[in-house]
Amino acid sequence: MIYDHISIGGGVIGINTTINLLKKFLKCKLTKKIKLCVVDKNLSNIPGGIAYGKKTSIHGYFNNPLRLSHLELQKYYSKIKNFKKIENYLNTFGSNYDLKKFNENFNILKKKDKKKINELYLPRVAFSFLQESSFINILNKVKKLKKNIQLDFYEGEVISFKKNKLNYFKIFPMKKFSNFTLKIKKSKSEIFFQPNNKVTKNLSCKNITIGLGVTPPKKLIKNQINNKYYIWDFYAEGGTSYLINKINSKLKLKKVTKLCFIGSKAGFLESLQEIYRLKKNNNSLKIYCFSKKFETLQPAKISFNKKINLKFLNKRNKSIQSAEELFNVIEKELDSGQKNNNNNKYLIWTKILSSNILDYFLKRLSEKELVIYQKKYFHKIRNLTRFTFPETIKVKDIMIKKKMIKIIKEKVHKIKLSKDLISLYGDKKKYTFDIVVNVTGPGNLVETSKYLNIYKSLLKFTKKEQNIIVDKNFSLTGNKNLFSPGTITRGFNDQRQTIIKAIIRNSDISSLQIYKRILGQNS
């Protein structure tokens, strides 16, 4: 069987693309069967994927408040019945902190204070409920209208794909692809997957969407000994709940357990609230953090009474003609807010985001300058404007003040594993720990291809750069039937919107193009 479209990855991109395609095909007259497919290493990640799924996002929170999120998410959680779904989930899987935060948010929602509702921070898992609801709605419509559409799901790790002589893609698994049927629990409005006991050694299709999410960090490992207490890919391996289980397991085995983070930003901050709770009750847990400069993210705090007007980054400024000039003006704008109050910097940045002024200037850049922006200045702007859920910063500051975390200002150059301990080699000496979490941030495409085979296949369709290069429809240049709207793509989020907002927007654009291709191919 040759599928019209296969999504490699059943996270936000894969399911959003599939939903979009189903919506479009429901509105047109079909002369041939449309065959769609979703492949994921673990179908339990659907909906939401690793970053927003129910299995891996128990304790994580969005980095931005509701007002800066995806518009559908804002509308969905304006309804109390949908907000209650989070409560039911947290009652089963959350911590006392999660429930406390939920109750605070729920009280604000019931009072219908628009300003405060806009400032709510939701658990990341909140997005999976929205996507699950949207998916169930469209599947019910397909069934009701009896459209000639086939949608299959396969579980298995994709290791490679290639084009054959007929210009179709062939996709190959680590071992095999196992076929599953999607079922809906009507009583709970939930989806689940039922195995069919059917397997295949490869899959064929006309169009592919790559929805692999964020790449893991650089591995740093110099030997192949298995040690289950080294966490290389924090989010993919289970996030905070997975780490807490590892800590509890080790605490039962040893009088003193030494936990170390390599890196001091998003992954480090996310788990601190739960670790702080553990540390208060168990002094035998010792916490360390390797970071050369120990730069963490900034708290995203807003003032309801403070009005911000942009002084330099406005449409009257005719001097911005290059990527460098654009960066300099943004830096100048942000610096103007720090003179009085560091929180002003966040207010200025949110004003930039909400006004879409950055997008206005990006559209005025030449193609050459836009590439310069994407390669160099985007990352500089990102480093200036990394704000996060303020509660995590608050806990970090408390733990440092109480000397609960020891900061080691060195770079980790390599890691060696033994059966019981993990050795880290810094600038000055060797250190040993019981549990190590690598949260140094995503590796580039070339680096990641050394460890994950699927990226080797991707590199064959690119110019072997550190990011994938796409056109305005997010199809790879020179490979018009291969789409990549996610974080591994250069220019995927030039406007620095929230990631969820950016990848939804991108997959909306790419799915429209895929729809047109399928109609053309099938005709």
Side-chain angles (χ1 to χ4, degrees), residues 50-52 56-65 68-69 94-98 100-101 119-127 213-214 216-217 231-247 259-280 285-302 342-343 345-346 349 382-409 412 433 435-442 487 496 498-500:
I50 287 170
Y52 307 97
T56 52
S57 305
I58 294 173
H59 302 297
Y61 278 75
F62 285 113
N63 284 346
N64 283 286
L68 293 179
S69 69
S95 66
N96 290 334
Y97 171 80
D98 292 324
K100 179 185 175 184
K101 191 67 186 173
E119 299 310 313
L120 294 185
Y121 283 82
L122 298 181
R124 286 205 315 272
V125 74
F127 185 79
V214 177
I231 300 175
W232 168 42
D233 195 345
F234 174 71
Y235 294 103
E237 291 180 57
T240 299
S241 58
Y242 179 79
L243 173 58
I244 295 301
N245 288 337
K246 292 291 181 189
I247 295 171
L259 164 68
C260 178
F261 290 89
I262 309 173
S264 60
K265 294 187 178 176
F268 167 68
L269 292 171
E270 176 172 310
S271 56
L272 282 190
Q273 284 159 323
E274 294 304 309
I275 289 174
Y276 178 53
R277 183 174 57 84
L278 271 181
K279 175 68 176 172
K280 285 195 298 183
L285 176 63
K286 307 298 179 184
I287 306 163
Y288 302 80
C289 178
F290 267 86
S291 181
K292 190 79 173 179
K293 296 180 180 179
F294 194 66
E295 294 175 341
T296 62
L297 308 189
Q298 303 167 77
K301 293 181 180 179
I302 194 145
N342 193 47
N343 289 347
K345 186 177 179 182
Y346 176 65
W349 178 239
R382 183 173 181 267
N383 288 335
L384 286 175
T385 57
R386 292 195 69 184
F387 298 95
T388 192
F389 180 43
E391 295 294 321
T392 58
I393 305 295
K394 182 179 177 181
V395 170
K396 181 259 302 181
D397 291 341
I398 290 171
M399 292 182 76
I400 289 175
K401 186 176 180 180
K402 293 184 175 182
K403 297 183 179 180
M404 291 181 169
I405 303 172
K406 182 177 180 180
I407 310 302
I408 303 172
K409 291 191 175 182
V412 175
F433 300 97
I435 304 170
V436 171
V437 189
N438 187 346
V439 283
T440 51
T487 57
R496 280 286 290 131
T498 56
I499 287 181
I500 191 75

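For clarity, every value in this text was computed on a predicted model and none was experimentally measured.
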Under the 3.5 angstrom rule, does the side chain of [X] hit a backbone N or O of [Y] as a donor-acceptor pair?
| X | Y | result |
| --- | --- | --- |
| Asp397 | Lys394 | no |
| Lys396 | Ser264 | no |
| Arg386 | Lys265 | no |
| Thr487 | Gly213 | yes |
| Glu274 | Ser241 | no |
| Lys279 | Leu285 | yes |

Problem - Atom CG of Asn383 with >12 non-hydrogen neighbours under 6.0 angstrom - result: yes
Please round to the nearest 0.5 Å and tell me the distance separating atom [atom1] of [X] and atom [atom2] of [Y].
| X | Y | atom1 | atom2 | answer |
| --- | --- | --- | --- | --- |
| Cys260 | Phe268 | SG | CZ | 10.0 Å |
| Ile408 | Lys406 | CD1 | NZ | 6.0 Å |
| Leu122 | Asn64 | CG | CG | 11.5 Å |
| Arg496 | Thr385 | CZ | OG1 | 3.5 Å |
| Ser271 | Ile247 | OG | CD1 | 7.5 Å |
| Ile393 | Leu297 | CD1 | CG | 6.0 Å |

Handout entry: Salt bridge present between Glu391 and Lys100 (N-O < 4.0 angstrom)
Key = no
Please give me the minimum heavy-atom distance between [X] and [Y], naming the atom from each residue.
| X | Y | value |
| --- | --- | --- |
| Ser57 | Val125 | O-CB, 3.8 Å |
| Lys301 | Pro390 | CG-CB, 4.1 Å |
| Pro299 | Phe387 | O-CD2, 3.7 Å |
| Thr56 | Ile50 | OG1-O, 2.5 Å |
| Arg124 | Glu270 | NH1-OE1, 2.6 Å |
| Phe389 | Phe62 | CB-O, 3.8 Å |

Minimum side-chain heavy-atom gap [X]-[Y] below 4.5 Å:
| X | Y | answer |
| --- | --- | --- |
| Asn63 | Thr498 | no |
| Asp98 | Tyr61 | yes |
| Leu243 | Leu259 | yes |
| Tyr346 | Gln298 | no |
| Ile287 | Met399 | yes |
| Ile275 | Phe261 | yes |
| Thr392 | Leu272 | no |
| Val214 | Tyr235 | no |

Handout entry: Aromatic Tyr97 / basic Lys101 pairing, under 6.0 angstrom, 45° off normal
Key = no
Practice task
Show the numbers, then the answer: is there a side chain to side chain contact (heavy atoms under 4.5 Å, CB included) between Phe294 and Ile400?
Solution key: CA-CA 12 Å; Phe294 194 66; Ile400 289 175; 3.5 Å; yes
Practice task
Carefully, step by step, assess Ser95 and Arg277 under the rule side chain to side chain donor-acceptor pair (under 3.5 Å).
Solution key: CA-CA 10 Å; Ser95 66; Arg277 183 174 57 84; 5.0 Å; no
Handout entry: Plane angle bin for Phe290 and Phe433 - parallel if under 30°, tilted between 30 and 60°, otherwise perpendicular
Key = perpendicular
